[in-house]
Amino acid sequence: MSAPAPCALLFEAREQRLAALDALARNLWLGGMTNAQGTLEARLSGLSLLVDSLLAGSLPPPAAWPWPPPQLAAALSATMAQLGLPGYCRGQRDLSVTVVMSILFHLDLIVDYRDRGADEDTATAMALDAFAADWQERCGHIDELVDVFGMLPEGDQSLRWDTICGQLRSEGWQEVLRIRRLLERLPELGRLIRQLGRSRQTDEPERRSQRTVPVMERALAQHPQPHAVHVPDLPGETRGIKRSDRIARMLPAEAMLLGHPRLRLVWHARRAERTLLAYEDDDRMAEVRQHRSPVLRPQPRPAPDRRMETGPMLICVDTSGSMQGGAEAVAKATVLEAVRSAHAQHRACHVFAFGGPDELVEMELGVDAGGIERLIRFLGQTFRGGTDICGPLERAIEKLDAAQWRQADLLLASDGAFGATADVVSRLDQAKTTLGLRVQAILIGDRETIGLLELADDVLWVRDWRRFGASDADSPVHSKSLTAMYFPGALRSPENRRSTVAGDTASAAVRAGLHRGEHLPDQDQT
């Protein structure tokens, strides 16, 4: 067995100088080792200190900075404090690293400024001014991102500040900001989207739950109890002798008085006074009396389950031509609010933008460089085309098969001008029954349609949708439920479906001359 090889100590002392690299992000290595300011060991230690301090939301005193030199460190600290960078970087490692990389970049330009003829102080001031101008713009972008998404983008791999800053300068981003301002006038959207999904149980009851449980309640119950009733003078048991006027039960001695010529008057007197000696008879009859006593009795009571919320979201947005104008703005605001909620609460969000047949676009709108670009592109487009609700519904039902989306709810944002086929409605109902799927609709129109009522469990009506477009007109109707009010028979409710027969059956009944309540012989056999 050979002895272990000794540790190589030849380069240990030289590598010890670079030990601070282990604590630095990899994208800081090259700039940290090649920067023109200061010495290598002090620079690496200073970079590590700056990253940790910015991550904690504060800056150490400039005198405690190992790098850069004290005069430059003081000026840099003052600039960073004036921009409020420690506050922006608190808890944001990616942003902290990006700020330190920017410091390396701008301080490395001091040598170039001096080569162009500037003195030391002027070159330093030029570098600090460029750093301040750069981050003043980026801080404005950060404020916009926080205003739109509620927090900064996340993701070490997906974060591309340069790409994001370029996107924030585009005209499409201005549309995002406009839609963001619309959300302040639609607070109900935030509450609705927060309730989508079934990942967390709340204290609110689930209105759709039909479960009943027996509840023990106090009640008065009738209990039968046998009871013996004494019935006087009822022929039965002879218990003794008593005075009475009953001739049938008088003693023989009393009867003897009746046969005597003088004593018979005594007998009549005794009878009148009811003092004849007679046998005492009585009997006891059994009867059942009902007694009321308190008992605990089970009573069926509705016991709705607790409502679930905060889970994955499947958003179907109508991008047909009928949605142009104010409805289009509300639909875009729905998508933006869904993205904001998904980003802030770490929820999955999948958007189906549907128009006519074969006009279905699916988007995963995360808050990263790619997601922001897709969001800008979607919010910047104009809605047009027809309406086919079956395509997105079929795709949404297919997604429910995956474990990631098993607890998702479906949100429809549309003017309701569509109709799903009976097969798609049946598949959606089956998903509701077997998977607990809930379908929420946002009605961006004036009235509910049959197609919308067949799909949605609940409808949120954005009544003043016209005010989000170029018009300032209010809704001309007082209720979204005009169809249910004036055409209740048109809705394919379970009752209506049970009382409706197929077209072939109806034709056969007409040919057979049947009337209401009469059935074809074949139907009777079945």
Side-chain angles (χ1 to χ4, degrees), residues 12-143 146 152 154 156 159 161-162 165:
E12 183 180 15
R14 295 180 180 275
E15 291 178 351
Q16 187 62 31
R17 300 175 55 200
L18 306 178
L21 286 175
D22 295 338
L24 290 178
R26 190 170 184 81
N27 44 6
L28 278 176
W29 283 12
L30 180 60
M33 296 184 66
T34 60
N35 192 272
Q37 297 293 327
T39 59
L40 178 61
E41 294 84 349
R43 186 166 56 248
L44 296 180
S45 299
L47 295 178
S48 180
L49 176 64
L50 283 176
V51 171
D52 294 341
S53 301
L54 289 173
L55 188 60
S58 62
L59 282 176
W65 293 21
W67 177 89
Q71 184 177 0
L72 186 55
L76 185 60
S77 176
T79 302
M80 295 172 69
Q82 184 179 6
L83 293 172
L85 285 179
Y88 287 105
C89 296
R90 180 181 292 109
Q92 301 289 333
R93 175 169 293 279
D94 300 324
L95 184 60
S96 301
V97 172
T98 303
V99 170
V100 175
M101 290 176 62
S102 179
I103 292 173
L104 283 170
F105 172 77
H106 286 285
L107 295 188
D108 210 19
L109 293 178
I110 294 178
V111 178
D112 294 339
Y113 295 144
R114 293 192 62 186
D115 289 343
R116 297 174 189 173
D119 55 23
E120 182 69 23
D121 295 338
T122 304
T124 301
M126 292 173 64
L128 293 177
D129 291 344
F131 173 79
D134 188 8
W135 278 97
Q136 190 170 14
E137 181 185 10
R138 293 191 180 193
C139 289
H141 292 159
I142 292 173
D143 291 336
V146 173
L152 289 177
E154 294 180 346
D156 197 30
L159 186 61
W161 277 103
D162 293 338
C165 289

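Not measured: the values here are computed from a predicted model.
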Do Val100 and Leu24 make a side-chain contact, defined as non-hydrogen atoms from C-beta onward lying under 4.5 Å apart?
no
Qualifying side chain to side chain donor-acceptor pair (under 3.5 Å) pairs with a residue from residues 73-85, counting only residues at least two apart or across chains:
none
Distance check, rounded to the nearest 0.5 Å: Arg26 atom CZ versus Leu21 atom CG?
10.0 Å
Closest non-hydrogen atom pair between Ala123 and Ala118, with its separation
N-CB, 4.1 Å
Closest non-hydrogen atoms of Pro66 and Ala42, given as atom of the first, atom of the second and distance, are O-CB, 3.4 Å
Spacing of Gln71 atom CD and Thr124 atom OG1 [to the nearest 0.5 Å]
7.0 Å
Straight-line distance of Asn35 CG to Trp67 CH2, nearest 0.5 Å:
5.0 Å
Given 3.5 Å as the limit, does a donor-acceptor pair link the side chain of Trp65 with the main chain of Leu72, or not?
no
Quick one: are Asp143 and Tyr88 in side-chain contact, heavy atoms under 4.5 Å?
yes
Taking all heavy atoms of Met33 and all of Leu40, pick out the closest pair and write down the distance.
CA-CD1, 3.7 Å
For the pair Asp134 and Phe105, evaluate side-chain contact (heavy atoms from CB on, under 4.5 Å) and give the outcome as yes or no after the intermediate values.
CA-CA 11 Å; Asp134 188 8; Phe105 172 77; 5.9 Å; no
Any heavy-atom pair between the side chains of His106 and Leu128 that's under 4.5 Å?
no
For the atom pair CG (Asp108) and CD1 (Ile103), what is the distance rounded to the nearest 0.5 Å?
13.0 Å
Any idea which heavy atoms bring Cys139 and Leu85 closest together, and the distance?
SG-CD2, 3.7 Å
Please indicate whether Gln136 has more than 12 foreign heavy atoms, meaning atoms of other residues, nucleotides or ligands, lying under 6.0 Å from its CD.
no
Do Arg43 side-chain atoms and Gln37 backbone N/O form a donor-acceptor pair below 3.5 Å?
yes
Verdict with supporting geometry, Tyr113 and Thr122, side-chain contact (heavy atoms from CB on, under 4.5 Å):
CA-CA 8 Å; Tyr113 295 144; Thr122 304; over 6 Å; no
If you take all heavy atoms of Leu54 and Met80, which pair is closest and at what distance?
CD2-CE, 3.7 Å
For residues Leu59 and Ala81, report the shortest heavy-atom separation together with the two atoms involved.
CD1-N, 4.5 Å
CG of Leu44 to CG of Leu28, rounded to nearest 0.5 Å, is 10.0 Å
Run through Val99, Leu95, Thr98 and flag the one making a side-chain contact (heavy atoms from CB on, under 4.5 Å) with Arg138.
Thr98
Interatomic distance, CD1@Ile110 vs CD@Glu120, rounded to 0.5 Å, equals 6.5 Å
Show your working on side-chain contact (heavy atoms from CB on, under 4.5 Å) between Val51 and Arg93 and close with a plain yes or no.
CA-CA 8 Å; Val51 171; Arg93 175 169 293 279; 4.1 Å; yes
